[in-house]
A.B. asks: 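Pasting a structure here, questions to come.
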Amino acid sequence: MSRQPFTARVIELIRTIPKGKVATYGGIAAMAGNPRAARQVARVLYSCSEVERLPWHRVVNREGRIVLKTEWNQMEQEERLEREGIVFSGSGRIDLERFLWQPGNTV
DNA sequence: GCCATGGCTAGTA
DNA sequence: GCCATGGCTAGTA
């Protein structure tokens, strides 16, 4: 199953998110070459996570929130992130200043 | 036509 | 809460 370049880059990028960090849908899309294709990232996660064994839980929305449909899935994502040391505020948000993956920085 | 987005506005308190 | 966005798939001809 060969993939389109954009999708292949998205998959590769998601794989690269380090443990203990998160990325945003829009951020991954931008790194893959199209800042407006945030929903494609969602689509890739939805359709490829299992087969590609992606660290799907490390992708959240621009507000640092989990946006999965079902409560069951939301809880699983939250648990996986907390197990990696990511902290949620009382209102269920992740501090992106602290936990956002920024491939460029040397810190 | 689907999708796990994002950005901007309207409308309430 | 609305709706533009865009890569991809399913399903028809």
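So you know, we letter chains A, B, ... as the sequences are listed, proteins then strands, and number each from 1.
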A.B. asks: Distance check, rounded to the nearest 0.5 Å: A:Ile14 atom CD1 versus A:Leu45 atom CG?
C.D. replies: 4.0 Å

A.B. asks: It should be established whether A:Ser47 places a side-chain nitrogen or oxygen under 4.0 Å from OP1 or OP2 of nucleotide C:dC8.
C.D. replies: no

A.B. asks: Do A:Arg39 and B:dT5 share a donor-acceptor pair, side chain to base, under 3.5 Å?
C.D. replies: yes

A.B. asks: What integer distance in Å separates A:Glu63:CD from B:dC8:P?
C.D. replies: 13 Å

A.B. asks: Does A:Arg36 make a side-chain N or O approach to OP1 or OP2 of B:dT5 shorter than 4.0 Å?
C.D. replies: no

A.B. asks: Whom does C:dG7 pair with, Watson-Crick or G-U wobble, provided both distances fall under 3.5 Å?
C.D. replies: B:dC2

A.B. asks: Determine whether A:Trp56 and A:Glu50 make a side-chain contact, defined as any pair of heavy atoms from C-beta on separated by less than 4.5 Å.
C.D. replies: no

A.B. asks: Describe the nucleic acid contact of A:Asn34 in one word from base, sugar-phosphate, nothing, applying a heavy-atom distance below 4.0 Å.
C.D. replies: sugar-phosphate

A.B. asks: I want to verify a distance call: between B:dA4, B:dG7, C:dG7, whose nearest atom is closest to the A:Arg43 side chain?
C.D. replies: C:dG7

A.B. asks: Could you tell me the separation between the CH2 atom of A:Trp56 and the P atom of B:dC3, rounded to a whole number of Å?
C.D. replies: 18 Å

A.B. asks: What about A:Tyr25: does its side chain form a donor-acceptor pair under 3.5 Å with the base of B:dA4?
C.D. replies: yes

A.B. asks: Verify, without hydrogens or angle tests, whether A:Gln77 (side chain) and A:Val59 (backbone) share a donor-acceptor contact under 3.5 angstrom.
C.D. replies: yes

A.B. asks: Write down the distance between CG (A:Asn73) and P (B:dA4), rounded to a whole number of angstrom.
C.D. replies: 10 Å

A.B. asks: Give the rounded distance in Å between these two atoms: CZ of A:Phe6 and P of C:dT5.
C.D. replies: 16 Å

A.B. asks: I want to check something: taking the side chain as every heavy atom from C-beta on, are A:Leu54 and A:Arg15 in contact at a cut-off of under 4.5 Å?
C.D. replies: yes

A.B. asks: Nearest to the A:Thr24 side chain among B:dG6, B:dT5, C:dG7, which nucleotide is it?
C.D. replies: B:dG6

A.B. asks: I want to check one thing: is the phosphate of C:dC8, taken as OP1 and OP2, less than 4.0 Å away from some side-chain N or O of A:Gln4?
C.D. replies: yes

A.B. asks: Is any side-chain N or O of A:Asn61 closer than 4.0 Å to OP1 or OP2 of B:dA4?
C.D. replies: no

A.B. asks: Select one nucleotide: of B:dC3, C:dG7, B:dG6, the one nearest the side-chain heavy atoms of A:Thr7.
C.D. replies: C:dG7

A.B. asks: Rounded to whole Å, please give me the gap between CZ in A:Arg62 and P in B:dC8.
C.D. replies: 11 Å

A.B. asks: Is A:Arg80 salt-bridged to A:Glu76, going by a charged N under 4.0 Å from an acidic O?
C.D. replies: yes

A.B. asks: Can you tell which of C:dC8, B:dG7, B:dA4 lies closest to the side chain of A:Leu68?
C.D. replies: B:dA4

A.B. asks: Separation of A:Tyr46 atom OH from B:dC3 atom C1', in whole Å?
C.D. replies: 8 Å

